[in-house]
Amino acid sequence: MKKKYEGNTRVKRAQLQALRKEFEMLQMKTGESVNDYFARILTVTNKMRYHGEKMSEIVVIEKILRSMTSKLDYVVCSIEESNNIDELSIDKLQSSLQVHEQRIIGHSVEEEALKVSQEQFSLGRGRGCGGF
């Protein structure tokens with residue numbers, strides 16, 4: 001019985017070490033949504049806690065803020081400056097990042113529509129000049 005327990009403990013330790021490494025290596029991927037990244041990071045975090053890791057919410061929040069894509073750097077700086085990170089919840093952080101992500105997406109759509117309309121205007125104008 002004792003040997004079996006020691007074996008289980010070793011397996012749990014090995015799994016926890018692998019999860020720690022995975023947690024350390026996590027980075028938000030280019031084009032990945034905030035929701036998808038939070039899902040990935042919270043899955044690993046929950047597995048670590050299941051295997052006995054005592055991980056505070058602040059550790060997870062700091063990891064998230066460190067590992068966001070560069071397009072959200074200004075948002076991360078703003079969140080760090082305007083909030084007490086010790087009192088920030090993961091849900092509040094996720095909500096804040098989602099709002100900013102939606103604004104970025106909205107601006108991209110507006111810019112794309114403007115670019116298309118400008119191209120159409122210049123193409124139409126070029127054809128008209130050729131007829132003279």
Side-chain angles (χ1 to χ4, degrees):
M1 185 74 158
K2 184 179 178 183
K3 283 187 180 187
K4 184 176 180 178
Y5 177 75
E6 287 174 2
N8 287 343
T9 303
R10 284 188 192 143
V11 169
K12 275 192 170 187
R13 273 194 204 131
Q15 289 173 332
L16 190 53
Q17 285 292 68
L19 288 166
R20 283 180 185 141
K21 182 176 181 178
E22 185 179 348
F23 180 78
E24 290 169 9
M25 303 297 291
L26 278 172
Q27 291 287 322
M28 187 175 186
K29 298 173 185 171
T30 305
E32 183 175 27
S33 73
V34 168
N35 275 343
D36 290 345
Y37 183 57
F38 269 74
R40 279 195 311 127
I41 207 159
L42 292 175
T43 297
V44 174
T45 302
N46 289 335
K47 286 179 185 176
M48 291 172 71
R49 287 178 176 153
Y50 174 78
H51 287 291
E53 184 76 8
K54 292 177 179 30
M55 183 179 292
S56 68
E57 202 167 86
I58 186 71
V59 170
V60 178
I61 288 170
E62 288 173 342
K63 171 61 180 174
I64 291 168
L65 291 173
R66 271 194 319 271
S67 60
M68 300 302 292
T69 59
S70 59
K71 76 175 184 178
L72 293 169
D73 279 347
Y74 76 95
V75 178
V76 169
C77 289
S78 174
I79 289 170
E80 289 174 338
E81 292 296 320
S82 64
N83 292 289
N84 181 351
I85 301 298
D86 294 328
E87 296 173 5
L88 187 64
S89 71
I90 291 174
D91 290 337
K92 187 175 178 185
L93 175 62
Q94 184 174 7
S95 297
S96 181
L97 289 167
Q98 283 176 318
V99 167
H100 289 285
E101 181 182 55
Q102 289 304 313
R103 290 188 77 181
I104 291 169
I105 290 168
H107 288 297
S108 296
V109 169
E110 288 173 14
E111 287 173 10
E112 198 61 37
L114 183 60
K115 188 187 294 182
V116 168
S117 68
Q118 286 175 341
E119 287 173 359
Q120 288 175 343
F121 178 74
S122 66
L123 284 174
R125 195 170 183 195
R127 277 187 242 147
C129 293
F132 282 90

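Under the 4.5 Å side-chain heavy-atom criterion for ILVMFWY residues, a single connected hydrophobic cluster contains both Ile61 and Leu42. Ile104 and Val99 are members of different hydrophobic clusters when ILVMFWY side chains are connected at heavy-atom separations under 4.5 Å.
Partners of Asp91 by side-chain contact (heavy atoms from CB on, under 4.5 Å), not counting sequence neighbours, listed by chain and number: Ser89.
Note: Ile90 CD1 to Ser95 OG = 12.0 Å, rounded to the nearest 0.5 Å. For the atom pair NZ of Lys92 and CD of Glu87, the computed distance is 9.0 Å after rounding to the nearest 0.5 Å. In this structure, the separation between CD on Gln94 and CD1 on Ile41 is 11.0 Å, given to the nearest 0.5 Å. For the atom pair Ser33 OG and Gln98 CD, the distance stands at 8.0 Å (nearest 0.5 Å).
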Legend entry - Pair Leu97-His100, side-chain contact (heavy atoms from CB on, under 4.5 Å): steps then yes or no: CA-CA 5 Å; Leu97 289 167; His100 289 285; 5.7 Å; no
Legend entry - Arg13 vs His51, side-chain contact (heavy atoms from CB on, under 4.5 Å): CA-CA, chis, key distance, verdict: CA-CA 8 Å; Arg13 273 194 204 131; His51 287 291; over 6 Å; no
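Nearest heavy atom pair, residue Thr45 against residue Met55, reads CG2-SD, 3.6 Å. The minimum heavy-atom distance between Ile85 and Glu62, with the atom names listed, is CG2-CG, 4.4 Å.
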Scan the side chains in residues 66-76 for donor-acceptor partners under 3.5 Å anywhere in the protein, sequence neighbours excluded, and list what turns up.
| residue | atom | partner | partner atom | Å |
| --- | --- | --- | --- | --- |
| Ser67 | OG | Tyr37 | OH | 2.3 |
| Ser67 | OG | Lys63 | O | 2.7 |
| Ser67 | OG | Ile64 | O | 3.4 |

Below 3.5 Å, can you tabulate the donor-acceptor pairs from side chains in residues 18-29 to any protein atom, sequence neighbours excluded?
| residue | atom | partner | partner atom | Å |
| --- | --- | --- | --- | --- |
| Arg20 | NE | Glu53 | OE1 | 3.0 |
| Arg20 | NH1 | Gln17 | OE1 | 2.7 |
| Arg20 | NH2 | Glu53 | OE1 | 2.6 |

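The only option from Leu88, Ile79, Asn83 that meets the side chain to side chain contact (heavy atoms under 4.5 Å, CB included) definition with Ser96 turns out to be Ile79.
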